[in-house]
Amino acid sequence: MTASVPVIRVERASKAFPLPEGGRFDAVRDVSLDILPGEIFGLVGRSGAGKSTLLRLMNLLEKPDSGSISVAGQELTALGARELREARRRIGMIYQHFNLLANATVFENVAFPLRIHGAMNAPRLRARVTECLELVGLLDKAGSYPARLSVGQKQRVAIARALASYPTVLLCDEPTSALDPDTTRSVLDTLRDINARLGVTIVIVSHELQALGSLCQRAAVVEDGRIAELFDLRDHREPRKTSLGRELLYHATEAHAAEAHAAAVHAGLPPGELHA
Ligand SMILES: Nc1ncnc2c1ncn2[C@@H]1O[C@H](COP(=O)(O)OP(=O)(O)OP(=O)(O)O)[C@@H](O)[C@H]1O
């Protein structure tokens with residue numbers, strides 16, 4: 001797949017929910033969006049703007065009322081139930097509250113999606129679970145139960161579980177909202193590391209603009225179910241249209257300056273030299 005072919009394509013997708021008192025609420029309105037292979041893409045917006053619904057359209061956890069969704073060249077909206085189950089194995093997802101099985105060990109939580117699918121024999125399954133736990137730095141916790149883990153460790157188990165089926169794409173719905181700032185940083189470092197090492201495309205919904213500023217290459221601001229603007233976080237020339245866009249750009253600029261400073265220090269150069 002070349003860099004210009006999107007790994008996720010959302011085309012003119014809309015999603016409305018019925019309101020209890022009658023009528024409907026348009027959560028996503030005629031959105032078209034391309035996510036490129038290997039990128040980390042952020043979705044930001046005020047509460048209720050439609051970010052999570054848009055994210056859940058990408059693996060058809062929410063079915064669009066109109067429009068189409070394609071992932072890795074396969075139009076999910078055209079698939080039957082069995083084909084969709086198969087296609088979803090390539091789309092990992094993590095959530096704010098981890099959704100781990102409380103009565104299963106860390107190893108069994110990560111093994112769970114592989115066992116459901118039943119495509120791996122026992123030695124391969126063991127090797128894959130071990131590999132995923134190593135990736136998130138939790139191999140020593142394989143025999144522990146979730147109740148014994150810190151919240152950051154729980155989210156890393158969820159990441160390992162999402163990676164078990166070799167996904168092309170990882171969808172992250174507010175993955176750090178339940179975490180303190182230090183743990184947030186370490187979970188985001190894990191996501192960054194996975195993206196760099198495995199090339200997994202990441203789409204992340206978050207309210208934490210500072211974290212997204214350093215993590216994402218591109219981001220979209222969602223307002224009233226529409227994309228109000230979409231931009232590259234390294235492009236500082238275009239003025240941003242929305243206040244969230246300006247705030248995100250501010251954090252991205254700060255993060256990039258800090259990265260350049262750290263690189264200069266690491267290289268033994270006077271800070272600023274790398275800007276030249
Ligand atoms: N299953 C559902 N049934 C009815 N309404 C829903 C459902 N899911 C979402 N909504 C409504 O759709 C709107 C958009 O919700 P969504 O969760 O996508 O927003 P969000 O931008 O992710 O918000 P937040 O940041 O608060 O999570 C909200 O008004 C929400 O109440």
Side-chain angles (χ1 to χ4, degrees), residues 8-35 40-69 71 76-77 81 84 88 91-99 151 154-155 158-159 162 169-181 183-184 187-188 191 201-216 218-231 233 240-249 251-252:
I8 302 176
R9 170 157 276 182
V10 177
E11 268 183 302
R12 307 212 57 181
S14 295
K15 177 72 185 176
F17 296 108
L19 292 170
E21 62 273 19
R24 53 178 226 170
F25 180 83
D26 293 308
V28 172
R29 306 170 193 232
D30 198 22
V31 166
S32 295
L33 174 64
D34 282 349
I35 309 287
I40 306 185
F41 190 98
L43 287 172
V44 303
R46 310 266 172 234
S47 194
K51 308 176 295 293
S52 292
T53 306
L54 177 55
L55 189 80
R56 291 160 65 86
L57 285 173
M58 293 179 192
N59 61 358
L60 252 53
L61 273 184
E62 297 289 358
K63 291 214 161 59
D65 301 322
S66 58
S68 68
I69 312 292
V71 175
L76 302 186
T77 32
L84 179 60
R88 277 206 185 114
I91 312 172
M93 188 155 189
I94 60 169
Y95 306 85
Q96 179 177 357
H97 295 299
F98 328 123
N99 296 3
V151 283
K154 285 180 191 169
Q155 191 57 291
I159 294 171
V169 163
L170 182 61
L171 305 177
C172 307
D173 196 358
E174 308 253 16
T176 59
S177 300
L179 311 180
D180 64 57
T183 316
T184 292
V187 167
L188 294 178
L191 290 176
T201 305
I202 295 180
V203 186
I204 176 168
V205 169
S206 177
H207 287 278
E208 286 150 87
L209 299 184
Q210 188 172 3
L212 289 188
S214 68
L215 185 68
C216 299
R218 293 195 305 149
V221 178
V222 181
E223 276 180 8
D224 290 330
R226 293 198 171 88
I227 292 188
E229 67 172 329
L230 188 157
F231 53 91
L233 270 70
R240 304 274 64 96
K241 294 181 203 149
T242 63
S243 58
L244 276 177
R246 285 189 285 279
E247 215 177 313
L248 189 53
L249 191 66
H251 288 300

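Atoms within each ligand, like the ligands themselves, are counted from 1 in listed order. Computation of the quantities below employed the complete heavy-atom set of this structure, encompassing side-chain atoms and omitting hydrogens, waters and symmetry-equivalent molecules.
Every protein residue with a heavy atom nearer than 4.0 Å to ligand 1 is included here: Phe17, Phe25, Ala27, Arg46, Ser47, Gly48, Ala49, Gly50, Lys51, Ser52, Thr53, Glu174, His207.
Gln155 contributes no side-chain N or O that, together with a main-chain N or O of Thr176, makes up a donor-acceptor pair within less than 3.5 Å. A donor-acceptor pair under 3.5 Å links the side-chain atoms of Glu229 to the main chain of Thr242, judged by distance alone. Within the 3.5 Å criterion, the main-chain N or O of Leu230 finds no donor-acceptor partner in the side chain of Lys241. In terms of modelled atom types and a separation under 3.5 Å, the side chain of Arg46 and the main chain of Leu244 share no donor-acceptor contact.
When side chains are defined from C-beta on, Lys51 counts as touching His207, because their heavy atoms get closer than 4.5 Å. No side-chain heavy atom of Pro64 sits under 4.5 Å from any side-chain heavy atom of Val28.
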